[in-house]
Protein chains: 2
Amino acid sequence: MDKRKMKYLPHKTIERLSQYRRALLLCQANGKTHIFSHEIATIQHITAVQVRRDIMLIGYTGTLRKGYNIADMISLIGKILDSEKVQNIAIIGMGNLGVAITKYFSGKRTKLEIAAAFDVNPVKIGKKYSGVECYHINQIIKIIKEKDISIGIITVPSTETIIIKNILVKSGIKGILNYTPKPVNVPDDVYLEEYDMTTSLEKVAFFVKMH
Amino acid sequence: MDKRKMKYLPHKTIERLSQYRRALLLCQANGKTHIFSHEIATIQHITAVQVRRDIMLIGYTGTLRKGYNIADMISLIGKILDSEKVQNIAIIGMGNLGVAITKYFSGKRTKLEIAAAFDVNPVKIGKKYSGVECYHINQIIKIIKEKDISIGIITVPSTETIIIKNILVKSGIKGILNYTPKPVNVPDDVYLEEYDMTTSLEKVAFFVKMH
DNA sequence: AATTTATTGTTAATTAATTAACAGCAAAAG
DNA sequence: CTTTTGCTGTTAATTAATTAACAATAAATT
């Protein structure tokens, strides 16, 4: 799978590849070596056609009547999603959410690493969270340069979102994942992803109500 | 806006309505009374056409050259998204994530209320988190019935996801928001939404790498 | 009072995402 | 050895979502 082709993978396919990989890793841990498209589909609540289509797009082929080789697929998805060298991540805001993310994520992917945490609370500074050291927020620019961090996760109170976003942009960050409910604007060369739990919850509530 | 029409609102529009409302509430808090489609668009990182289209779909009309009345729009979105009576929510798993969600959400929406929290840790049971009482997990079915809870948020360790999902389904829950990385299957009459932070992070990492 | 400007509302066009349809074929069954 | 079965890979069709285009018009400007 060459780089030219990867660029044109649909966004939704990128998301699903990440999900497939997690599902496949679990299956592998359970001792499975092969898997059918309809099995992946059931796990992910999608159709088998969609799974096969995504797999087609990344240029992998399974074995007729035997399914897909799990190890091969994990490795191929890694070639697509992962960077060759480790991508370092900073997490800003060590409240419950920041700690939850750090705890959940640390050690999960070899090519993605939470390299630093930041907060303003003196009690937290110097402490380690799941092995990640917490620095004072006024160190962000320095540490980001030192540790070659390219991605920032914002988990501060939403009153601080914009300030932090500006610092991150100034520090030359390449991607931001904003978990606060305050949407931000970033320059074109910074990739931005935002998630607000309220949207998901209100959506569930809406469809429950409509039943 | 009658119920028949609401059913046919595109899923993406539902999500955006939730986001518009939050943006509008913020603007309102800042003393604004009217807003243009392109202003909403900028906040949400989408196009003005899309905003106008969504607004058209919900049957609201603005004033030419004056924009949309913020209070009216908030109220209309409420009529669409919110249920007439309060929808009660249970959150299962009072780890960092569960606490973060409870803290962030409590008191945010008058028609959605976190009515109970659950955990197995004796230290947590009986405690209140942002005013929400924490019960032992073996009380789920009882409390869900008693408090008329229709939505469950799962934030337990992923080893426990399926057990909890099964309890929730058994208790007659109508909607599940699964924040654990283990995908679950539910009967057709239960609305399911899943979110895994890893997908967002790997997506950001991918587009950063591809820059 | 006429003209320009800025904005809404909506239809049409386009693009993105999903699903249907089916040929090809290896393995299993008869 | 022939037929059936069940799965893959792919093209074509469909559906969903977004964007373009523009008429209508109130307000601002000349």
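These values consider heavy atoms only, across backbone and side chains, with no hydrogens, waters or symmetry-generated copies. Throughout, protein chains are lettered first and strands after them, A, B, ... in sequence-line order, and every chain is numbered starting at 1.
B:K165 places a side-chain N or O within 3.5 Å of a backbone atom of B:N185 that can act as its donor or acceptor partner. A donor-acceptor pair under 3.5 Å links the side-chain atoms of B:D196 to the main chain of B:T198, judged by distance alone. Put simply, the side chain of B:T155 gets close to the backbone of B:I92: a donor and an acceptor are under 3.5 Å apart.
Distance CG (B:L57) to P (C:dT10): 10 Å, rounded to an integer number of Å. If you take CD1 of B:I35 and C1' of C:dT8, they are 15 Å apart, rounded to a whole angstrom. Here C:dT10 presents its C1' atom at 15 Å from CD of B:Q50, a figure rounded to the nearest Å. Rounded to an integer number of Å, the gap from NE2 of B:H34 to P of D:dA27 is 11 Å. Between B:H38 atom NE2 and C:dT5 atom P the separation is 17 Å, expressed in whole Å. For A:I46 and C:dA17, the CD1 to P distance is 14 Å, given to the nearest whole Å. With rounding to whole Å, A:E39 atom CD is found 14 Å from D:dT8 atom C1'. Distance NZ (B:K66) to P (D:dA24): 24 Å, rounded to an integer number of Å.
Atom NZ of B:K203 has more than 12 neighbouring heavy atoms from other residues, nucleotides or ligands inside a 6.0 Å radius.
The side chain of A:L64 lies closest to D:dC7 when the candidates are C:dT7, C:dA17, D:dC7. Set against D:dA21, C:dT19, C:dT8, the side chain of A:V49 has C:dT19 as its closest nucleotide.
Contact check, A:Y8 against C:dA16: no side-chain N or O comes under 4.0 Å of OP1 or OP2. Regarding contacts with the backbone of D:dC22, every side-chain N or O of B:R52 stays at 4.0 angstrom or more from both OP1 and OP2.
The residue among B:T61 and A:K12 whose nearest nucleotide of DNA chain C is located toward the 5' end is B:T61.
You'll find a donor-acceptor pair under 3.5 Å spanning the side chain of A:R65 and the base of D:dT5, going by distance alone. One cannot find a donor-acceptor pair under 3.5 Å joining the base of D:dT10 and the side-chain atoms of A:R53.
Between B:E84 and A:K209 no salt bridge is recorded (no basic side-chain N to carboxylate O distance below 4.0 Å).
Within 4.0 Å (heavy atoms only), B:S37 reaches sugar-phosphate atoms of the nucleic acid but no base atom.
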